Amino acid sequence: MIRPDAPVLLEIRDLRASVDEQPILKGVNLMIRAGEIHAVMGRNGSGKSTLSKVLAGHPAYSVTGGSVLYRGEDLLALEPEQRARIGLFLGFQYPIEIPGVSNLEFLRVATNGRRLAQGQEELDTFAFEDLVRERLQVVQMDPAFLERSVNEGFSGGEKKRNEILQMALLEPLVAILDETDSGLDIDALRIVAGGVNHLAGPDNATLLITHYQRLLDVITPDFVHVMAAGRILRTGGKELALELEDRGYDWVDEELASLEAGEAARTPLEVA
Amino acid sequence: MSSTATVGDLVSQPYKYGFVTDIETEKIAKGLDEDVVRLISAKKQEPAFLLDFRLRAYRQWLQMQEPDWAALGFPAINYQNIIYYAAPKQQEKKSSLDEVDPKLLETFEKLGIPISEQKRLSNVAVDAVFDSVSIATTYKEKLAEHGVIFCSISEAVKEHPELIERYLGTVVPSNDNFFAALNSAVFSDGSFVFIPRGVECPMELSTYFRINSGDTGQFERTLIVAEEGASVSYLEGCTAPMFDTNQLHAAVVELVVLDDASIKYSTVQNWYAGDENGVGGIYNFVTKRGQCRGDRSRISWTQVETGSAITWKYPSCVLQGADSVGEFYSVALTNNRQQADTGTKMVHVGPRTRSTIVSKGISAGHSANSYRGLVQVGPKAIGARNFSQCDSMLIGDHAAANTYPYIRCQQPEARIEHEASTSRISADQLFYLQSRGIGFEEAVSMMVSGFCRDVFNQLPMEFAAEADKLLALKLEGSVG
């Protein structure tokens, strides 16, 4: 839902980041308002997953330039846990297994951290059980998963559902879902997408990172961004995703090549 | 703490029990010979049988070699450079706590072990041992009403010599090993517990060991006897000040369990571990063994080992009685330059004896953590069963974990199972928890306590939370 007067939740300006001194993001610009669903598409290695990890604060990535404002606040100055508590959520492409830590306990600690940050009361064990059982329905998950260790021995689809369950509990303002569709069969995809649609509302925003159109068949984006070589090359509506599906990414390469040629031609002049 | 710090920083939390109590101490001269053994015995006004026991042990010790099979490295210990007896100058154990030097009470208060009447823990009786002597035992009278004897071993020698003579050294003979022989020769104090036939001890019993002097060895001796049908849960805790020298701690613990009786023995060991470069810290060489003498008897060892520069400790069960049960639950955490070689021995003698071993080793920093365990099944142990699980967790890139399981089985129908795993706290796991709003250190402690849960569940309730906190504290700053 596009409302030009909706508050800006996330504003990314000329964001640059590298991993092991290798530049990956080379100037990303993106503005997300409340109520919007954005999709970032692009080939492997285009920098889309890096973008999601930099926003969540993964320590392996260092920001080398640019800025990110989250509701006007400097997001990059915050620790990952602080970002989560104020409402940023990253759904992992490969959710991590944590043996020995009960899923229920993990969900409770995480939820209470978020609640405290919003000035709400912590939930005790019983109140939380009620809440979690209600939210389980969003992703049609078996309560038995609560008793197991976090993601341990979960199938790919179960892990992704557990991610969406976390999102349902944390009620983020900006949810970044990194390749949430990967490894899902069609039924699981429908359930996960149903959960995301259910949670999307006028006050929050969703940033989908995906390879394929098939996720966008079930979650309709307001904006589609095409990423290549660490930049957003083109932005359009949902039809841009269909165009990509039709034409593939080759035109992206051409556009990128001419862009880089232009920059290469300009650079000596600037130096001079 | 910043998430960009590394896992390697997490164990550098300052040791909060490292203070020294300034109190006048009576010490004997350094060194060990037969006269020192006689002197210790004389100071304690011991009966002849005990002096004989000590002298025999001393002579055996002279013939023995320090064991060198453990995966531990440390400079040679000079046994002549140790003081074998030190006691706060306050002769005669006081009849009332009001007469105990307030400095001592304060010391234990600071350690979180209040022993004064008003503040003491409501359902835990405490024996407080300071350097070589016991300074106070709480709830003695109340326990006596149930026929339970709980006192320092020195008192027991005076008041119940027949029990001491009957049981002392019967589980760990004085020539059992080098350190047990040394202890048998020079032991100064420790706790004695006697639970008579059919009595379920009405409260938790606990001994708190405090080393205060810098150049003194601590050689305590604990003896717990549970007669037919009796049961008791006992907990020991230990701390010591920070010195840049090493102190020797060589304790012996003996448990005797008769028909249908049970002893649950828990340890939270937090001796000073030395600094991050491995300077100072306690050398902890301990012999702990329990004998399930009676049918259907049970011994359960639970240990949380977080301190000491060196830990050499194998709480064991000799399962003699038919259907007797031995259990060993252990968490050993090493950090910085700490070294631990710890585990258990389960010796199955009687028929249908069962044993369970759950060992969790956590190594951080540059430490080395070894599990060493023996499961032995004799020819008469028909239907014996054992289950062992040894898990190791590595934090950072410089720590080591080893597992040395030994199995000797002379009973073809015995069932012995062994499971082992090694895991690591990864940066990705930490980031995952953080990205859900869980702070870095809470994330580490969640994973560590998850790893240790099977063991913590065995601790008396009052101490399980304590143990959890202790581990978190020990690991603070070691991950990142």
Side-chain angles (χ1 to χ4, degrees), chain A residues 52-53 55-63 77-103 105-118 148-152 159 162-163 165-167 169-172 175-176 178, chain B residues 1-10 331 333 358-362 389 391-396 419-457 465 468 471-472 475 479-480:
Chain A
S52 69
K53 291 196 171 110
L55 291 176
H58 195 293
Y61 299 83
S62 38
V63 174
L78 303 175
E79 296 294 337
E81 60 269 27
Q82 294 169 309
R83 301 182 195 194
R85 286 181 208 141
I86 60 171
L88 186 86
F89 179 84
L90 170 62
F92 280 58
Q93 181 177 4
Y94 302 109
I96 309 292
E97 300 193 1
I98 307 188
V101 176
S102 112
N103 202 24
E105 177 68 7
F106 159 69
L107 294 170
R108 194 169 68 85
V109 173
T111 304
N112 279 333
R114 172 89 177 108
R115 289 180 64 88
L116 282 179
Q118 292 173 287
R148 297 172 49 184
S149 294
V150 179
N151 293 327
E152 194 185 26
K159 283 180 181 169
N162 202 28
E163 293 292 286
L165 173 63
Q166 291 167 44
M167 182 175 152
L169 287 164
L170 295 174
E171 301 179 352
I176 307 163
D178 187 5
Chain B
M1 115 158 294
S2 157
S3 60
T4 49
T6 53
V7 176
D9 305 332
L10 228 170
V331 166
L333 179 146
V358 176
S359 164
K360 306 276 180 177
I362 303 162
Q389 183 184 340
D391 298 324
S392 306
M393 178 181 262
L394 295 166
I395 299 177
E419 288 179 9
S421 75
T422 302
S423 57
R424 181 184 288 280
I425 291 187
S426 71
D428 281 336
Q429 287 174 321
L430 287 169
F431 176 65
Y432 187 71
L433 293 177
Q434 280 182 287
S435 75
R436 298 301 178 249
I438 297 166
F440 186 77
E441 296 192 345
E442 192 179 358
V444 172
S445 96
M446 251 178 138
M447 281 190 272
V448 169
S449 33
F451 178 72
C452 301
R453 179 159 304 133
D454 296 348
V455 175
F456 287 173
N457 284 346
D468 219 6
L471 282 201
L475 280 172
V479 183

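All values reported here derive from a predicted model rather than from experimental measurement. Lettering follows sequence order; numbering is per chain, from 1. Values below: all heavy atoms of this structure, side chains included; hydrogens, waters and symmetry mates excluded.
For chain B, the nearby parts of A/Phe106 are the backbone and the side chain; heavy atoms of each come within less than 4.5 Å. At a 4.5 Å heavy-atom cutoff, A/Gln82 makes no contact with chain B through either its backbone or its side chain. There is no contact between A/Pro172 and chain B, counting heavy-atom distances below 4.5 Å. The contact between A/Ile98 and chain B is made by backbone and side chain atoms together, counting heavy-atom distances below 4.5 Å.
For the residue pair B/Phe431 and A/Pro59, the shortest heavy atom distance occurs at CD1-CD, 3.8 Å. Between A/Ala84 and B/Ser435, the shortest heavy-atom distance links the atoms CB-O, 3.3 Å. Among all heavy-atom pairs drawn from A/Val109 and B/Ile438, the shortest one is CG1-CG1, 3.9 Å.
With no hydrogens or angles considered, a side-chain donor-acceptor pair links A/Asn151 and B/Tyr432 at under 3.5 Å.
Atom CG of residue B/Leu430 and atom NE2 of residue A/His58 lie 10.0 Å apart, to the nearest 0.5 angstrom.
The candidate from B/Met446, B/Arg453, B/Glu442 with the greatest count of non-hydrogen atom pairs under 4.5 Å with chain A is B/Met446. Heavy-atom pairs under 4.5 Å with chain B were tallied for A/Ala110, A/Ser102, A/Gly113, A/Ala56; the largest tally goes to A/Ala110.
The only member of A/Glu163, A/Glu105, A/Glu81 that meets salt bridge (charged side-chain N to carboxylate O under 4.0 Å, His left out) when paired with B/Arg436 is A/Glu163.
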